[in-house]
There are 2 protein chains.
Amino acid sequence: MQARGIHHLGVAVEDLDEALATYERLFGAELEHRATVPDQGVEAAAVRLGSGRVELLEPLGEETAVGRFLTKRGPGMHHVAYEVADVEAALATLSAAGADLIDEQPREGLFGLEVAFVHPDSVHGVLSEVVSPG
Amino acid sequence: MQARGIHHLGVAVEDLDEALATYERLFGAELEHRATVPDQGVEAAAVRLGSGRVELLEPLGEETAVGRFLTKRGPGMHHVAYEVADVEAALATLSAAGADLIDEQPREGLFGLEVAFVHPDSVHGVLSEVVSPG
C-alpha cells in the first residue's frame with residue numbers, strides 16, 4: 001500500500017478555542033471544519049496550514065479516548081493520518097503485513113472521512129490512521 | 001507568518017533499521033536521506049510517504065535530546081515541522097506573537113535544512129519546528 005501523503009496530524013488539546021487561536025496566531029492556520037461529535041467523544045477542528053492539516057481534538061469528557069490520553073500524557077500529538085486511495089484495500093495490506101488493526105473495517109471518521117486506525121504497538125508507538133476523503 | 005505545509009513529522013525510535021522496515025512494509029515509505037549526525041545526537045532517516053515525509057530519529061545515546069525523550073515517553077511522535085519561506089522571518093513573527101523560542105536564530109538542521117524550534121509550552125504541548133529547505 002502506498003500512502004499518498006500525510007492527511008492530518010491529530011493533536012489532543014484541553015481547550016479548543018485557545019488552541020485554534022494559537023495555531024492561527026503562530027502559523028497562520030485557517031479553520032476548515034469544526035464539529036462536536038458525541039459519538040467520538042470530541043469537539044474537533046480541522047485547520048489548514050498551507051497544504052498541511054492539523055486536527056485539534058478537545059475531549060467531551062475524561063472517559064473518552066482523547067480524555068484518557070490527556071489524563072495520561074497531557075496535551076500533545078495524538079495520531080498521524082495517512083491518506084490512501086482506498087481504506088479497505090489499505091486494511092488488507094496492513095493486515096497481511098502483520099499490523100494490529102484497531103478497526104478491522106473502514107468506519108466513518110470526523111468530517112465525513114472514511115478511516116481506520118492501526119495500533120501504535122505495530123508502528124513503534126505512533127497511533128496511525130489511514131484516511132480516504134469520503 | 002503563513003506555514004506552507006507540514007514539512008515532516010519527527011518520530012523517536014529505538015532501532016532505525018527496524019522502524020524503516022516497518023514504514024516501508026506498512027505504508028510504502030521510500031528512503032529519501034539517511035545520516036548519522038553526532039552533533040545532534042541522532043542517526044536519522046527521512047522517508048517519503050507520497051507527498052508526506054517522516055523523519056525517524058534514533059538517539060546516539062541516553063544523554064541526547066532524543067535519548068531523554070525515549071527514556072521519559074517511549075518511542076513515538078517527537079515533533080512536527082512546518083515549512084516556511086524564511087525561518088528568520090518566521091522567528092520574528094513567532095517572537096512577536098509571544099512564542100517561547102528554543103532557537104532565537106535559524107540553525108542548520110538535519111539534511112541541510114535551515115530550522116528553528118518553538119517550545120512545546122507555547123504550542124499546547126507540541127514541539128514545533130519551522131523549516132526552510134536550505
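Chain identifiers are assigned alphabetically (A, B, ...) following the order of the sequence lines, protein sequences preceding nucleic acid strands; residue numbering begins at 1 within each chain. When reading the values below, keep in mind they use all heavy atoms of this one structure, side chains included, and skip hydrogens, waters and symmetry mates.
- Under the 4.5 Å side-chain heavy-atom criterion for grouping Ile, Leu, Val, Met, Phe, Trp and Tyr, L20(B) is connected to V118(A) within one hydrophobic cluster.
- If you tally non-hydrogen atom pairs under 4.5 Å between each of G52(B), A3(B), G98(B) and chain A, the highest count goes to A3(B).
- Contacts with chain B were tallied for V126(A), V130(A), L9(A), L127(A); V126(A) has the most, counting heavy-atom pairs under 4.5 Å.
- At a threshold of 4.5 Å between side-chain heavy atoms, the hydrophobic network of Ile, Leu, Val, Met, Phe, Trp and Tyr places F111(B) and V13(B) in two separate groups.
- The most heavy-atom pairs under 4.5 Å with chain A, out of G28(B), A29(B), A12(B), come from G28(B).
- L56(A) and L110(A) end up in different hydrophobic clusters when Ile, Leu, Val, Met, Phe, Trp and Tyr side chains are linked at under 4.5 Å.
- Here OG of S128(B) is found 7.5 Å from CE of M77(A). Values are rounded to the nearest 0.5 Å.
- Hydrophobic clustering (side-chain heavy atoms under 4.5 Å, transitive across Ile, Leu, Val, Met, Phe, Trp, Tyr) keeps L57(A) apart from V47(A).
- Counting heavy-atom pairs under 4.5 Å between each of H124(B), Q2(B), R4(B) and chain A puts H124(B) at the top.
- Heavy atoms only, all atoms of each residue included: G5(B) and S51(A) are closest at CA-OG, 3.6 Å.
- Taken to the nearest 0.5 Å, the CG atom of L49(B) stands 12.5 Å off from the CD atom of E83(A).
- Contacts of V123(A) with chain B are made by both backbone and side-chain atoms, with heavy-atom separations under 4.5 Å.
- Looking at V80(A), the atoms closer than 4.5 Å to chain B (heavy atoms on both sides) sit in the backbone and in the side chain alike.
- In the hydrophobic clustering of this structure, L60(A) does not group with L70(A); members are Ile, Leu, Val, Met, Phe, Trp, Tyr whose side-chain heavy atoms approach within less than 4.5 Å, directly or through other members.
- Taking the six-membered ring for Trp and thresholds of 30 and 60 degrees, F27(B) and Y82(A) have ring planes inclined between 30 and 60 degrees apart.
- Only the backbone of R53(B) comes within contact range of chain A, with at least one heavy atom under 4.5 Å from a heavy atom of that chain.
- Only the backbone of H78(A) comes within contact range of chain B, with at least one heavy atom under 4.5 Å from a heavy atom of that chain.
- Scanning all heavy atoms of the two residues, the minimum distance from L26(B) to A97(A) falls at CD2-CB, 3.6 Å.
- Both the backbone and the side chain of E18(A) come within contact range of chain B, each with at least one heavy atom under 4.5 Å from a heavy atom of that chain.
- Crowding of E32(A) atom CD: a count of heavy atoms from other residues, nucleotides or ligands under 6.0 Å exceeding 12.
- When the shell of 6.0 Å around CD of E62(A) is examined, it contains 12 or fewer heavy atoms from other residues, nucleotides or ligands.
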